[in-house]
Structure formats: structure tokens, C-alpha cells
There are 2 protein chains.
Amino acid sequence: MTDSLDPVWKALSDPTRRAILDALRDGPRTTTELVELFPALSRFAVMKHMDVLREAGLLRTRAEGRKRINSLNVVPIRQIYEHWVSPYADLWASKLLRLKRDVEGTDDAGN
Amino acid sequence: MTDSLDPVWKALSDPTRRAILDALRDGPRTTTELVELFPALSRFAVMKHMDVLREAGLLRTRAEGRKRINSLNVVPIRQIYEHWVSPYADLWASKLLRLKRDVEGTDDAGN
DNA sequence: TAATTACGTTACTATTTAGTCACCTATTGA
DNA sequence: TCAATAGGTGACTAAATAGTAACGTAATTA
């Protein structure tokens with residue numbers, strides 16, 4: 001089990017960082033725009049969160065003069081899906097199937 | 001954006017806990033069996049991780065005499081998928097579509 | 001040109017988390 | 001019955017993390 005996704009998992013574990021990513025779903029934003037989404041936090045705190053996202057590969061930042069335009073990179077989330085959610089979703093589906101069988105009493109001998 | 005999934009995200013942020021869940025994909029295991037998967041950790045450390053998973057709803061434990069049988073609950077993972085991965089996967093698909101358009105120069109005026 | 005705006009970095013603090021230890025209860029098997 | 005087994009909890013420590021403050025650079029605007 002490869003764990004190069006660990007930084008992604010860690011990045012997604014924080015609600016502020018998830019909110020940042022959610023905001024970026026609608027399109028790129030400047031750093032200031034993201035900072036303003038969290039009036040309860042200082043800009044340094046928000047930027048620190050952005051650093052974590054950037055290091056996890058979830059955020060891309062390009063300079064436009066003195067502005068920084070930040071955009072979402074969905075590839076790591078796709079990887080999370082492929083390596084984690086999809087196998088478990090399969091399990092969920094097969095669990096459902098087994099539950100259906102149990103209810104209907106089709107597979108009573110094997111259990 | 002509901003964030004009752006925060007404990008789930010936090011639980012999944014740790015590689016040991018992900019490994020525990022991965023082990024449980026093959027079927028329920030006793031606490032000792034899970035502890036033995038991590039010889040570098042004490043049993044208290046492993047059990048503490050299991051506590052986090054249990055509180056996040058990812059792990060179910062039932063008593064069987066002095067044994068504890070632990071099994072995986074895939075529902076929170078399904079919820080992660082529904083609330084987080086699926087919307088982003090949609091975005092990923094539409095990003096691909098837009099990229100394809102850009103490459104083929106079909107939508108040059110709108111950009 | 002100088003002031004304002006946009007953002008970066010380092011050092012520090014407080015809180016949270018991961019891990020260990022000491023002590024314990026409950027169940028099973030000899 | 002008693003020893004061994006299976007597991008639990010609270011207290012403690014060290015490391016990681018979330019947040020703030022101080023100081024700074026670079027670009028834009030008046």
C-alpha cells in the first residue's frame with residue numbers, strides 16, 4: 001500500500017483547508033480573496049493552510065504581478081478516490097449484496 | 001457544507017489508522033490481531049488509534065467473551081465519497097473536457 | 001517618487017496528537 | 001481455584017500542528 005498520499009490525507013484533515021478547496025471549486029482566487037473567507041483567522045494562518053495544501057499538491061499558485069492566483073488541483077483527490085474510496089465502495093457494494101442475500105436466506109449454508 | 005465528517009477526515013489522516021482499516025477490509029479481527037500488525041508500536045498506541053476510528057464511526061467493536069471483535073464500517077467512507085470525492089470527480093471530468101476543448105482550439109473566444 | 005497594496009518568512013506560543021507506562025478488570029483454560 | 005490471557009483507562013511526555021506577531025520584499029497606484 002503506497003502512502004505517498006499521506007500529505008494529501010493530512011491536508012484534507014483540517015476543516016479550514018477543506019473550505020479553501022471548496023471555495024476553489026468555483027474557480028481560481030487570489031490569496032486575499034481566500035484570506036477574506038476566514039475573518040476569524042489572521043492572513044498568516046490562512047496562508048499557512050494554503051502552504052499545506054500546496055505541499056500536498058492540492059493547490060497551485062501562479063504569480064500575476066503582485067497578486068497570487070490560486071487554483072485547485074483535483075488530481076490528488078482523484079488518487080484518493082482510486083486508492084481508497086473505490087476499493088471501499090466495492091466492499092460496500094458487496095456488503096450490501098451479502099446483506100440482501102442474508103435477508104432473503106439464499107446463502108444460509110456458507111455463513 | 002456540513003462538516004460532521006470532520007472526525008472521519010481526522011481519523012483517516014493517520015497512516016496507522018488507514019492500515020488498520022485496510023486490514024479490516026478482509027474481515028473482522030480481534031484487538032490482539034490488529035495490535036500484532038504494528039510490532040513497532042505498543043498495544044496502547046494501537047488501541048488509541050482504534051479509539052479514534054471508533055469515535056469516527058469507522059470501526060465497530062463487539063465483545064465475544066474476553067475477546068473484542070473489530071469490524072469495518074464503510075458508511076462514513078461512502079459519505080466521504082458522496083460529499084467530497086464525487087463533486088470533485090465531476091469537476092475533474094469537466095476540467096478534462098475543458099482541456100480537450102482548449103487543445104483542439106474549439107473554444108478560443110470564450111476564454 | 002512615495003504611499004499603498006499584496007503577499008512572504010521566521011520566530012514564538014498554545015493546543016492537539018501520538019506514544020508510553022502503571023495499574024486495572026474480566027474471561028478462559030489448566 | 002488460580003494462573004494466563006485479552007483488553008481497558010488515566011496520567012504523563014514528546015512531537016506535531018494551528019495560530020499570532022514582527023519584520024520584510026515586490027508590485028501597483030496616486
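Residue numbering restarts at 1 for every chain, and letters A, B, ... go by the order of the sequence lines. In this text the structure is predicted, and so the values were computed from the model without any measurement.
Between the CG atom of Asp6(B) and the C1' atom of dA18(D) there is a distance of 14 Å, rounded to whole Å. When rounded to the nearest whole Å, the span between CZ of Arg29(A) and P of dA6(C) equals 16 Å. Atom NZ in Lys10(B) sits about 11 Å away from atom P in dT17(D), given to the nearest Å. Rounding to whole angstrom units, CZ of residue Arg62(A) and P of dA27(D) are separated by 16 Å. Atom CE of Met47(B) and atom P of dA18(C) are 16 Å apart (whole Å). Protein atom NZ of Lys48(B) is 15 Å distant from nucleotide atom P of dA22(C), rounded to whole Å. Atom CG in Asp51(B) sits roughly 13 Å away from atom P in dG19(C) (whole-Å rounding). Taking atom CD of residue Glu33(A) and atom P of nucleotide dA6(C), one finds them 10 Å apart after rounding to whole Å.
Residues satisfying the side chain to side chain contact (heavy atoms under 4.5 Å, CB included) test with Val35(B), not counting sequence neighbours, are Thr31(B), Arg43(B), Val46(B). Partners of Gln79(B) by side chain to side chain contact (heavy atoms under 4.5 Å, CB included), not counting sequence neighbours, listed by chain and number: Leu5(B), Val75(B), Pro76(B), His83(B).
Ionic pairing of Asp51(A) and Lys48(A) is not present here: no N-O contact between side-chain nitrogen and carboxylate oxygen is shorter than 4.0 angstrom. Checked for salt-bridge contact, Arg78(A) and Glu82(A) meet the test: a charged N lies under 4.0 Å from a carboxylate O.
Considering only side-chain atoms of Phe44(B), the nucleotide from dG8(C), dT20(C), dA18(C) that sits closest is dT20(C). The Asp14(B) side chain lies nearest to dA18(C) when the options are dA6(D), dA18(C), dT20(C). Residue Thr31(B) has its side chain nearest to dG8(D) when only dG8(C), dG8(D), dA18(C) are considered.
Closest approach of Asp6(A) to Ser13(B), counting heavy atoms only: OD1-O, 3.8 Å. The two residues Arg17(A) and Lys10(A) make their nearest non-hydrogen contact at NH2-O, 3.1 Å.
Contacts of residues 36-43 of chain A with DNA chain C (heavy atom under 4.0 Å): Arg43(A).
Nucleotides of DNA chain D nearest to Val52(A) and Gly65(A) differ in position, and the one nearer the 5' end is that of Val52(A). If you find the closest nucleotide of DNA chain C to Val46(B) and to Thr30(A), the one lying nearer the 5' end belongs to Thr30(A). Comparing Ala45(A) and Lys67(A) against DNA chain D, the residue whose closest nucleotide sits nearer the 5' end is Ala45(A).
Note on Arg66(A): every side-chain N or O is 4.0 Å or more away from OP1 and OP2 of dG8(C). The side chain of His49(B) places an N or O atom within less than 4.0 Å of a non-bridging phosphate oxygen (OP1 or OP2) of dG19(C). A close approach under 4.0 Å does occur between a side-chain nitrogen or oxygen of Arg68(A) and OP1 or OP2 of dG8(C).
Between the side chain of Asn73(B) and the main chain of Leu59(B), no donor-acceptor pair closer than 3.5 Å is present.
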